[in-house]
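Predicted model only: the values in this text are computed from it and were never measured.
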Amino acid sequence: ELIHQQGKPADITAWLAQLNEWKQRFPLYYEDDAQTIKPQKLIEMIYELTNGDAIITTDVGQHQMWAAQYYKFNKPHRWVTSGGLGTMGFGLPAAIGAQLADRN
């Protein structure tokens, strides 16, 4: 099938529609608690405080999933992660590199 595309992007309209349907039917949810700041809430707060302008880096683990789900990435080149390759210790040097590359 890819050969027949001749380098043209695939039509993913149906796939995006399916994803949007699932997002409507099964939205992200967590129980907010006045006694503690949950990780999901903290990530949402970071997004709000930075107006989405932060470059986010993560190490491996659950917080990587929370960042991907609860930080509303709306600009390109804002997410630096090992991408599931399981590289423990990736987050801190990635953050240092991101700071050196973009001093703003």
Side-chain angles (χ1 to χ4, degrees):
E1 185 176 324
L2 290 175
I3 291 173
H4 299 296
Q5 288 178 222
Q6 299 177 348
K8 297 175 188 165
D11 181 12
I12 59 170
T13 307
W15 174 241
L16 293 176
Q18 179 66 63
L19 291 176
N20 284 329
E21 179 189 333
W22 286 337
K23 285 180 182 180
Q24 294 296 317
R25 287 179 51 202
F26 310 106
L28 292 174
Y29 172 77
Y30 64 93
E31 291 186 19
D32 205 1
D33 182 348
Q35 301 298 319
T36 59
I37 299 175
K38 297 209 173 173
Q40 300 94 323
K41 181 67 172 180
L42 178 62
I43 293 166
E44 289 176 341
M45 292 169 70
I46 291 169
Y47 174 81
E48 291 170 10
L49 291 170
T50 64
N51 295 315
D53 288 331
I55 296 176
I56 303 298
T57 67
T58 62
D59 218 314
V60 297
Q62 182 60 47
H63 66 283
Q64 185 180 38
M65 299 300 108
W66 285 326
Q69 293 170 329
Y70 290 96
Y71 191 92
K72 298 177 183 113
F73 294 98
N74 55 13
K75 298 176 185 174
H77 312 296
R78 300 286 180 194
W79 174 240
V80 182
T81 181
S82 64
L85 296 176
T87 313
M88 293 179 71
F90 175 84
L92 179 60
I96 293 169
Q99 178 62 42
L100 290 172
D102 184 5
R103 302 218 179 224
N104 294 326

Shortest non-hydrogen contact from I56 to A67? CG2-CB, 4.4 Å
Say you draw a straight line from NZ of K75 to CG of N51; how long is it, rounded to the nearest 0.5 Å? 7.5 Å
Please tell me whether M65 and L28 are part of a single hydrophobic cluster in this structure, the criterion being side-chain heavy atoms less than 4.5 Å apart. no
Quick one: name the residues clustered hydrophobically with V60, using the 4.5 Å side-chain heavy-atom rule over I, L, V, M, F, W, Y, and just say none if it's on its own. M88
Distance (rounded to the nearest 0.5 Å) between D33 CG and K41 NZ: 11.5 Å
Distance in Å, L49 CG paired with L42 CG, rounded so as to fall on 0.5 Å steps: 9.0 Å
Would you say CD of Q24 has more than 12 non-hydrogen atoms from neighbouring residues, nucleotides or ligands within 6.0 angstrom? no
So which atom in F73 and which in W79 form the shortest heavy-atom distance, rounded to 0.1 Å? CZ-CE3, 3.1 Å
Closest non-hydrogen atom pair between G89 and D59, with its separation: N-OD1, 2.8 Å
Does one side chain, of E44 or Y30, offer a donor that lies under 3.5 Å from an acceptor on the other? yes
Where is the tightest heavy-atom contact between K38 and E31, given as atom of each residue plus distance? NZ-O, 2.8 Å
Could you check if a side-chain atom of Y71 sits within less than 4.5 angstrom of a side-chain atom of T50, using non-hydrogen atoms only? yes
Is the shortest side-chain heavy-atom distance between F90 and V80 below 4.5 Å? yes
What are the two closest non-hydrogen atoms of T58 and Q64, and how far apart are they? OG1-CG, 3.4 Å
Give a yes or no on whether I37 atom CD1 has more than 12 heavy-atom contacts from other residues, nucleotides or ligands under 6.0 Å away. no
Does L16 belong to the same Ile/Leu/Val/Met/Phe/Trp/Tyr cluster as W22, with side-chain heavy atoms less than 4.5 Å apart forming each link? yes
Using every non-hydrogen atom in the two residues, find where N74 and G52 come nearest and quote the distance to one decimal. OD1-O, 4.2 Å
Running the 4.5 Å side-chain criterion over Ile, Leu, Val, Met, Phe, Trp and Tyr, what cluster does L92 land in, apart from itself? I96, L100
Hydrophobic clustering (ILVMFWY, side-chain heavy atoms < 4.5 Å, transitive) - are Y29 and W66 grouped together? no
